[in-house]
Asker: 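Here it is, the structure, as structure tokens.
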There are 2 protein chains.
Amino acid sequence: MRVKIPEVTIGRLSLYLRCLNEMEAEGMTVVSSAELGKRSGINPAQIRKDLAYFGEFGTRGVGYYVSELKKNIKEVMGVNHPYEVALVGVGNLGNALLRYKGFQRHGFRITAAFDRDPTDKDVPEGCTLYHSDDLEKVIRERGIKIAIVSVHQSSVQEVIDRLAKANVKGVLNFVPTRVNVPEGMTVRDVDMGTELDILTFYLSLQEK
Amino acid sequence: MRVKIPEVTIGRLSLYLRCLNEMEAEGMTVVSSAELGKRSGINPAQIRKDLAYFGEFGTRGVGYYVSELKKNIKEVMGVNHPYEVALVGVGNLGNALLRYKGFQRHGFRITAAFDRDPTDKDVPEGCTLYHSDDLEKVIRERGIKIAIVSVHQSSVQEVIDRLAKANVKGVLNFVPTRVNVPEGMTVRDVDMGTELDILTFYLSLQEK
DNA sequence: AGTTGTGAACCGATTCACAGCG
DNA sequence: CGCTGTGAATCGGTTCACAACT
């Protein structure tokens, strides 16, 4: 890899892909950065720059071939093949995440779920529920590299450390606590409480 | 307001508050930006700058008084009083969000839930379930200003527009679609599929 | 002496503007 | 001619370094 790629770029690639899918469905075969910009709300120069990090996907004077570009973006993002994902903590939130359709659309399948108390819990077709004790064993065996964590605050750090030991490389963390991220692992936090705080702040600004 | 406040600052204020609560529980009464930095993982200069946007909360040579600072941050964030929140779309995800404890910790209570098909659905104590048809009416009557949207893709835009009409000012949107944001409204997107995409990208980088 | 508050330097990301190419 | 790809300019946020203050 030549230069460092901003992580926001990856988020935008995901957005471009969504737009391209729509456009393809509408029968478009070629698209300019200007058109894609209109659809996605991103500045065209930004789009060109984002894409240029990874190659020269366009044709000057023409634009980008939709199906071509889709393929290239998918390759770049590493989402060409479906991914297995583990979920740790089958509480309210975990349960909903197990059933969330959005992951499938991105090519992810939650195939293993772990809980400290697996009795009385049930999981959707295609997913197996295990006791947390078996976390390392199962994840290693299956070669799972990505996990979603929705456990109780008190056990997040332990879970993250155990996932790291099991060779998990990426974690989507829904638990609002500062965690120590093990070497070689990427953790992305989703903190919904803080999101509401930010909305509230803007709200309180308006009142002034 | 004198200068523009970066929105990441607000997210960090929320983090500082969490740390301060911990520290207070541990009996600390005074804290320096260096100590808070250690706990929160944020650069001390950054912390001072974040706080300085809103006032001079510290004492030179001493630091910040914990309870004092907590109070000030809460005031700044507009979270001094509890907020009522509406939730639109009681599917899997919506249901989990209704029961998510993290919101309460931040002083939010989901007191009204809306669904196109409210039969057979039940909601926790303290929350009332309404038919979507009554959205504008109920939200207006209650003066609710913040909403969480977890409806089907096809109706997001309509829901957002109706919320705007009902005078809602902030929306936390869990639906992965580009929405047109009405004037005077703030929308924050939580796109969990894209989050996994980003993890996958880092994963695929490591393999090279 | 110790720590805040802040101007200046730095760094990274976005946008502009145009050369290069189809 | 039109649109991409990209160096240069700009913008915004972070970090540094120190003057101000207790």
Asker: What is the distance, rounded to the nearest whole Å, between atom CG of A/L13 and atom P of C/dA13?
Answerer: 14 Å

Asker: What is the distance, to the nearest angstrom, from the CD atom on B/E68 to the C1' atom on C/dT3?
Answerer: 17 Å

Asker: Hey, which of these two, B/G58 or A/V62, hits DNA chain C nearer its 5' end, going by closest nucleotide?
Answerer: B/G58

Asker: For C/dT4, does OP1 or OP2 lie under 4.0 Å from any side-chain N or O of B/S33?
Answerer: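 The answer is yes; a side-chain N or O of B/S33 sits under 4.0 Å from OP1 or OP2.
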
Asker: With a 3.5 Å cut-off and heavy atoms only, can you find an N or O donor on one side and an acceptor on the other between the side chain of B/R48 and the base of C/dG5?
Answerer: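 Checked by distance alone, the answer is yes.
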
Asker: Whole angstroms only, please: what is the CD1-C1' distance between B/I42 and D/dC16?
Answerer: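 Distance check: B/I42 CD1 to D/dC16 C1' gives 17 Å.
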
Asker: What is the distance, rounded to the nearest whole Å, between atom CD of A/E7 and atom P of C/dA13?
Answerer: 9 Å

Asker: Measure from the side chain of B/N43, starting at C-beta and using heavy atoms only, and say which of C/dG5, D/dT14, D/dC16 lies closest.
Answerer: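 Of the options given, the side chain of B/N43 lies nearest D/dC16.
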
Asker: Whole angstrom is fine here: how far is it from CD1 in B/I47 over to C1' in D/dT14?
Answerer: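 Rounding to the nearest Å, CD1 of B/I47 and C1' of D/dT14 are 13 Å apart.
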
Asker: Is A/R188 salt-bridged to A/E7, cutoff N-O under 4.0 Å?
Answerer: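 So A/R188 pairs with A/E7 through a salt bridge.
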
Asker: I'd like to know if B/K4 reaches the base of D/dG13 with its side chain such that a donor and an acceptor end up less than 3.5 angstrom apart.
Answerer: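 Flag unset: no donor-acceptor pair detected.
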
Asker: Taking only side-chain N and O atoms of A/Y64, does any of them lie within less than 4.0 angstrom of OP1 or OP2 on C/dG22?
Answerer: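 Checking A/Y64 against C/dG22: no side-chain N or O falls below 4.0 Å of OP1 or OP2.
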
Asker: If you count the non-hydrogen atoms of other residues, nucleotides and ligands that lie under 6.0 Å from OH in A/Y65, is the total more than 12?
Answerer: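 Not buried by this count: 12 neighbours or fewer within 6.0 Å.
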
Asker: Measure the distance from CZ on A/R12 to P on C/dG12 and round it to the nearest whole Å.
Answerer: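 Result: 16 Å.
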
Asker: Tell me which nucleotide among D/dG2, C/dG5, D/dC16 gets nearest to the side chain of A/R60.
Answerer: D/dG2

Asker: Look at the side chain of B/S32 and decide which nucleotide, out of C/dT3, D/dT6, C/dG22, has an atom nearest to it.
Answerer: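 Comparing C/dT3, D/dT6, C/dG22 against the side chain of B/S32, the answer is C/dT3.
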
Asker: List the steps and the verdict of side-chain contact (heavy atoms from CB on, under 4.5 Å) for A/Y130 and A/L135.
Answerer: CA-CA 8 Å; A/Y130 301 93; A/L135 191 142; over 6 Å; no

Asker: Using whole Å, report how far OH of A/Y16 lies from P of D/dT4.
Answerer: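 One finds 12 Å between P of D/dT4 and OH of A/Y16, rounded.
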
Asker: What is the separation between atom CZ on A/F57 and atom C1' on D/dC3, rounded to the nearest whole Å?
Answerer: 17 Å

Asker: Does a salt bridge link A/K165 with A/E136, judged by any charged N lying under 4.0 Å from a carboxylate O?
Answerer: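 No.
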
Asker: Regarding D/dT6, can its base be found pairing with the side chain of A/K49 as donor and acceptor, where the two atoms are less than 3.5 Å apart?
Answerer: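 Per atom types, no contact qualifies.
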
Asker: For residues 39-49 of chain A, which side-chain donor-acceptor pairs fall under 3.5 Å, sequence neighbours excluded?
Answerer:
residue, atom, partner, partner atom, Å
A/R39, NH1, A/E22, OE1, 2.9
A/R39, NH1, A/E26, OE2, 2.9
A/R39, NH2, A/E26, OE1, 2.9
A/S40, OG, A/L36, O, 2.7
A/S40, OG, A/I42, N, 3.4
A/N43, OD1, A/A45, N, 2.7
A/N43, OD1, A/Q46, N, 3.4
A/Q46, NE2, A/D50, OD1, 3.4
A/R48, NH1, A/S33, OG, 3.0

